[in-house]
Structures are given as C-alpha cells and as structure tokens.
A.B. asks: 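Before I ask anything, here is the structure I am working with.
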Amino acid sequence: MLESALVHQRDRSQVNARMYQLLVSVMCLLTIAAAQASSIRQLHLDDVSQQSELIFVGEVVNSVASWNPQRSRITTQITFRIDEVIKGSYSEANLQLGFAGGTVGDATMEYEGLRYPIIGESGIYFVETIAKPLVNPLVGWSQGHFLLDAQERVNTYDGKPVSTVQRKIPTTSQGTNQISRGIAQGLQLASQPQNAMSRAEFVQHIKQSIE
C-alpha cells in the first residue's frame, strides 16, 4: 500500500509539473504576446542602423533553449559566428544573443512576431544592445534581421529579395505612427531573387547611413 501511494504521489507530481508548464506557456501567449505585438513600431532602415549598437554579417552556429532557475521563463541562446562587423566594436569570433521564449521538452513559450534566427542561416543582424537581456535583441525585431542566400544576395527575414533601399527624407516623420509588419521602411522588394541587392551594396548603404 505504501509503495502504491508513493507511485500515485509521483504521478500527481509529474502531472502538476506538466500543468504548471502549460499554465506558464498559456499566460505568456495571452499577456506578453499581445502587448509586444502592439508595441513594435515600423522604422526606416536608416533608423534601424542608427539605433543599433552592433551590426554584423554572420552565420548562426548554435541554438539552445533553457528554463531560468525559477522555471518561470524560457530563453533561447543563439550563437553567431561573426564574419564582418559593420558597426560597433566586437572582436570575438562568436557572439551569443538571448531571445525570449523557445521550447524545452513539452513546454513552449511563444512571443507573437518574434522570429528566431535558425542554425545554418547567414545574414546581416542589427543588434540593439549586447549589454542587457531583451525579448528580442534585434532592432525593430524582424526589421533588423536580413538573410543572405548562397550568392550573398540580401533578403528580408522571410526570404523576400531586397532590390533597393531608399534614403530616409530628414524632414519627414517616417514610421512614427505605423505598426511594424516585419519589414523596415525604405526597402524595395524584387519579384525575382536575381534582382536582389548584393551584400556589398547593402553594407555600403548601411555604412553611409551611419556616417
């Protein structure tokens, strides 16, 4: 009887742990996701560049999600290999950035509008800061996340070819009242991949915008 009681107690503990993880995930979806989605303002690419502490070209080499010690929050640590620093000061070969949410076992925390860089992708990343944790360390979330294809042509975070970038007009208030849909203002998209900007052309635009 004692052994049976202990088994039932262990089963109840496992169920309670799973229910707790599920409750945390649901609360995250219902409260944080909606709030964050409504607060990401659309920026011009020039503003994304200006607001970045670090801009680099690199490749994602690792991604690990884990609970915090209190098991109340999941963070995904993504490691980038640095190929070129466009803005800022960073001399290490790799950089690790923390993104809120992720999946550990059966538990998942999601933030609406947050797209994680995935292992194997190459891209250009606009980092707001490496000094403190943020929900998404990239400026404007997906607005600061660009992909490079095999020919090193520039695409948006979701694979749309970027053909040109228009300069921001200083006298306007571009982006001040618009909610982001994931793509910064000033970008012109191409219908065919071969019409996308090269990495060199895109980097040159960024450097000119931060001079």
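Predicted, not measured: the structure shown is a model, and the values here were computed from it. Heavy-atom basis, side chains included; hydrogens, waters and symmetry copies ignored.
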A.B. asks: Are F99 and I119 connected into the same hydrophobic cluster when the rule is that any two of I, L, V, M, F, W, Y join if their side-chain heavy atoms are below 4.5 Å apart?
C.D. replies: yes
A.B. asks: Does the S63 side chain pair with the main chain of I78, one donor and one acceptor, at a distance under 3.5 Å?
C.D. replies: no
A.B. asks: For R41, does its backbone N or O pair with a side-chain atom of Q143 as donor and acceptor, under 3.5 Å?
C.D. replies: yes
A.B. asks: Kindly say whether L114 contributes a backbone atom to a donor-acceptor pair with the side chain of N136 at under 3.5 angstrom?
C.D. replies: no
A.B. asks: With a 3.5 Å distance limit and no angle check, can you tell me whether S198 reaches the backbone of E201 through a side-chain donor-acceptor pair?
C.D. replies: yes
A.B. asks: Show your working on ring-ring contact (aromatic ring centres under 6.0 Å, His included) between F56 and F80 and close with a plain yes or no.
C.D. replies: CA-CA 10 Å; F56 69 92; F80 301 82; 5.4 Å; yes
A.B. asks: With the 4.5 Å side-chain cut-off for hydrophobic clustering, are L147 and W141 part of the same group?
C.D. replies: no
A.B. asks: Please check if L95 and L134 belong to a single hydrophobic cluster, counting links between Ile, Leu, Val, Met, Phe, Trp and Tyr side chain heavy atoms closer than 4.5 Å.
C.D. replies: no
A.B. asks: Roughly how far apart are S52 OG and L138 CG, rounded to 0.5 Å?
C.D. replies: 8.5 Å
A.B. asks: As a quick check of understanding, evaluate side chain to side chain contact (heavy atoms under 4.5 Å, CB included) for V60 and Y125, giving each step before the final call.
C.D. replies: CA-CA 11 Å; V60 179; Y125 306 93; 3.9 Å; yes
A.B. asks: Specify whether F202 and F146 have parallel, tilted or perpendicular ring planes, treating 30° as the upper limit for parallel and 60° as the lower limit for perpendicular.
C.D. replies: tilted
A.B. asks: So, do R167 and H44 sit near enough that their side-chain heavy atoms are less than 4.5 Å apart?
C.D. replies: no
A.B. asks: Just how far is it from atom CD1 of I55 to atom CD1 of I86, taken to the nearest 0.5 Å?
C.D. replies: 6.0 Å
A.B. asks: With side chain to side chain contact (heavy atoms under 4.5 Å, CB included) as the test, would you mind laying out the steps for Q194 and Q151 before giving the verdict?
C.D. replies: CA-CA 9 Å; Q194 61 268 26; Q151 287 72 41; over 6 Å; no
A.B. asks: Can you list every pair that meets salt bridge (Lys or Arg N to Asp or Glu O under 4.0 Å) and has a residue in residues 118-141, with sequence neighbours left out?
C.D. replies: none
A.B. asks: Do T103 and I74 touch side chain to side chain, with heavy atoms closer than 4.5 Å?
C.D. replies: no
A.B. asks: What's the spacing between I210 CD1 and Q50 CD if we round to 0.5 Å?
C.D. replies: 7.5 Å
A.B. asks: Do H205 and D46 have side chains that get closer than 4.5 Å, going by heavy atoms?
C.D. replies: yes
A.B. asks: List the residues meeting salt bridge (charged side-chain N to carboxylate O under 4.0 Å, His left out) with E84, not counting sequence neighbours, and say none if there are none.
C.D. replies: R199
A.B. asks: Do N68 side-chain atoms and S72 backbone N/O form a donor-acceptor pair below 3.5 Å?
C.D. replies: yes
A.B. asks: Does any N or O in the side chain of T156 come within less than 3.5 Å of the main-chain N or O of I183, such that one atom is a donor and the other an acceptor?
C.D. replies: no
A.B. asks: Does any part of the side chain of D47, heavy atoms only, come nearer than 4.5 Å to the side chain of K168, both counted from C-beta?
C.D. replies: yes
A.B. asks: Which pairs with one or both residues in residues 52-66 pass salt bridge (Lys or Arg N to Asp or Glu O under 4.0 Å), sequence neighbours excluded?
C.D. replies: E59-R81
A.B. asks: Within this structure, what is the CD-OG1 distance for the pair Q51 and T129, rounded to the nearest 0.5 Å?
C.D. replies: 12.5 Å
A.B. asks: Residues in salt bridge (charged side-chain N to carboxylate O under 4.0 Å, His left out) with K87, at least two apart?
C.D. replies: none
A.B. asks: So do M197 and V165 actually touch side chain to side chain, heavy atoms under 4.5 Å?
C.D. replies: yes
A.B. asks: Is there a donor-acceptor pair under 3.5 Å between the side chain of H145 and the backbone N or O of F126?
C.D. replies: no
A.B. asks: Between R115 and S142, what is the shortest heavy-atom contact and its length?
C.D. replies: CG-OG, 3.4 Å
A.B. asks: Does S49 reach the main-chain N or O of L45 with its side chain, forming a donor-acceptor pair under 3.5 Å?
C.D. replies: yes
A.B. asks: For R153, check salt bridge (charged side-chain N to carboxylate O under 4.0 Å, His left out) against everything at least two apart and list the hits.
C.D. replies: D149
A.B. asks: Side chains of V154 and L148: closer than 4.5 Å at any heavy-atom pair?
C.D. replies: yes
A.B. asks: Supply the atom-to-atom distance M109 CE to T76 OG1, rounded to the nearest 0.5 angstrom.
C.D. replies: 10.5 Å
A.B. asks: Any donor and acceptor pair, going by atom type alone, linking the side chain of Y90 with main-chain N or O of N94 inside 3.5 Å?
C.D. replies: yes
A.B. asks: Using the rule that Ile, Leu, Val, Met, Phe, Trp and Tyr join whenever any side-chain heavy atoms are under 4.5 Å apart, tell me whether L189 and L43 fall into a single cluster.
C.D. replies: yes
A.B. asks: CZ/R181 to CG/D158 distance, rounded to the nearest 0.5 angstrom?
C.D. replies: 13.0 Å
A.B. asks: Within the side chain of S180, is there an N or O that forms a donor-acceptor pair under 3.5 Å with the backbone of G182?
C.D. replies: yes
A.B. asks: Would you please name every residue forming a side-chain hydrogen bond (donor to acceptor under 3.5 Å, both in side chains) with S66, sequence neighbours left out?
C.D. replies: none
